[in-house]
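Values in this document were obtained by computation on a predicted structure and should not be read as measured data. What you see below is based on every heavy atom in this structure, not just the backbone, and it leaves out hydrogens, waters and symmetry mates.
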Amino acid sequence: INNEVNLGPGISIQIGLDNSIGEFTIFVDGDDYLELDCLEVMYNEAIAQNADIVSCKTYQHNDYGVVKNIPTDYVYTKVDFYNFINNKLIKRWIWSKTHYSPLRFREDINTLFRCLEFSNNTIKLNYIGDNMFNKTLITELELSNVLNGNIGEYSFYLCMSLKTIKTTNDTPPYKWDNYDICEGAFTGCHKLQSVAIPNTVTSIGGSAFESCANIISVNIPESVNSIENSAFSGCQNLKSVVIPKGIYSVGYHVFSDCISLTEIYCKSTALTINSDLFDYHANDFKIYVPSSSVIRYRTTKNWVEYVDYIVG
């Protein structure tokens, strides 16, 4: 392929895409380089996890040395997911749905947003790092039980079109790291209605689902052992929650301002909580606990303020 005139990066890349025949694509600019086994590792992970997009970690250099040094594990990035397209292996079928931006400036960002939007609106990645998809147009998220690592801080922050989080039926070979769903991961996803959390998650971070005003129900699996401050605060349509018996830590204001919340089911016989857990709930609010533990709940610190709502 030989451009007779300077067409700019976007149009030139599109010509390359039009002539590509492989299963995956990746873009390497003149000022980029790859580790020798980078593509092999990324390809193997894409096949193993059936991922549409696989992102690798990156370094940024200038004349004075390394500006940003991301650890040399080649697969999955923790930062700046949405700022780079050159470190992403993308299934070629996605390009039948969209095209590379013809812009001469920031064309890669513009194009990556399109890829995220048209990849069936379902992103299957093994690592979801900090800020990866925040403020993008994703409508559905499918979480695999074999994810390796956390759902990073603010990874889906203000994804205003995200409606559904569901899980696959993968058999997990290992658990995620602790603090699996990190701080602010889904804050402000106002259209989010249904949330299914994989049964390998062990912790739900602070403000993880804060101000997700249209969530009606949340499935908290038995694997979760802690829920941090304000995790579900402001979920104003949330009606019912089951708190698994394995949870040992519940932060402040976790269900504050959940004004439609009528039913809390606590499976534990003795659950320690912080104050103001259920501020501003529905008028017919009830907390259901094991019948053998009603007195213990009604007389335990911080549960006392809800004594009139606790039933067996």
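- Scanning both residues, G251 and N274, for their nearest heavy atoms gives CA-ND2, 3.5 Å.
- Legend: side chain to side chain donor-acceptor pair (under 3.5 Å) pairs involving residues 10-23, not counting sequence neighbours, sorted by first then second residue: N3-S12, Q14-D18.
- In this structure, Y288 shares a hydrophobic cluster with V242, Y265, V311, the cluster being traced through Ile, Leu, Val, Met, Phe, Trp and Tyr side chains under 4.5 angstrom apart.
- Here the closest non-hydrogen pair linking F232 and C258 is O-SG, 3.2 Å.
- Applying the ring pair (Phe, Tyr, Trp, His ring centres under 6.0 Å) criterion to Y306, with sequence neighbours excluded, gives F278.
- Linking ILVMFWY residues whenever their side-chain heavy atoms come closer than 4.5 Å, directly or via other members, leaves Y280 and F255 in distinct clusters.
- Side-chain contact check for S226 and S203: at least one donor-acceptor pair (N or O, by modelled atom type) lies under 3.5 Å.
- By the side-chain contact (heavy atoms from CB on, under 4.5 Å) test, A282 is found to be paired with T262, D284, residues two or more places apart in sequence or in another chain being considered.
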Taking it one step at a time, do S256 and S233 satisfy side chain to side chain donor-acceptor pair (under 3.5 Å)?
CA-CA 5 Å; S256 289; S233 177; 5.1 Å; no
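- Partners of H281 by ring pair (Phe, Tyr, Trp, His ring centres under 6.0 Å), not counting sequence neighbours, listed by chain and number: F285, Y309.
- For S240 against L261, the heavy-atom pair with the smallest separation is N-CD1, 3.8 Å.
- Checked against ring pair (Phe, Tyr, Trp, His ring centres under 6.0 Å), Y252 has no partners two or more places apart in sequence or in another chain.
- Screening residues 248-277 for salt bridge (charged side-chain N to carboxylate O under 4.0 Å, His left out) gives E222-K267 as the qualifying pairs, with residues at least two apart or on separate chains.
- Listed by chain and number, the residues in a salt bridge (Lys or Arg N to Asp or Glu O under 4.0 Å) with E40 amount to none (sequence neighbours excluded).
- Atom CD1 of I295 is surrounded by 12 or fewer heavy atoms from other residues, nucleotides or ligands within 6.0 Å.
- Crowding of K91 atom NZ: a count of heavy atoms from other residues, nucleotides or ligands under 6.0 Å exceeding 12.
- Shown here are the side-chain contact (heavy atoms from CB on, under 4.5 Å) partners of S161, two or more places apart in sequence or in another chain: L137, T139.
- In this structure, S260 contributes its side chain and K239 its backbone to no donor-acceptor pair below 3.5 Å.
- By the side-chain contact (heavy atoms from CB on, under 4.5 Å) test, Y248 pairs with N225, sequence neighbours left out.
- Closest non-hydrogen pair, A185 versus I181, comes out as CB-CG2, 3.8 Å.
- Residues meeting the salt bridge (Lys or Arg N to Asp or Glu O under 4.0 Å) test with K245, sequence neighbours left out: none.
- Residues forming a side-chain contact (heavy atoms from CB on, under 4.5 Å) with I13 (at least two apart in sequence, or on another chain): L17, F27, Y100.
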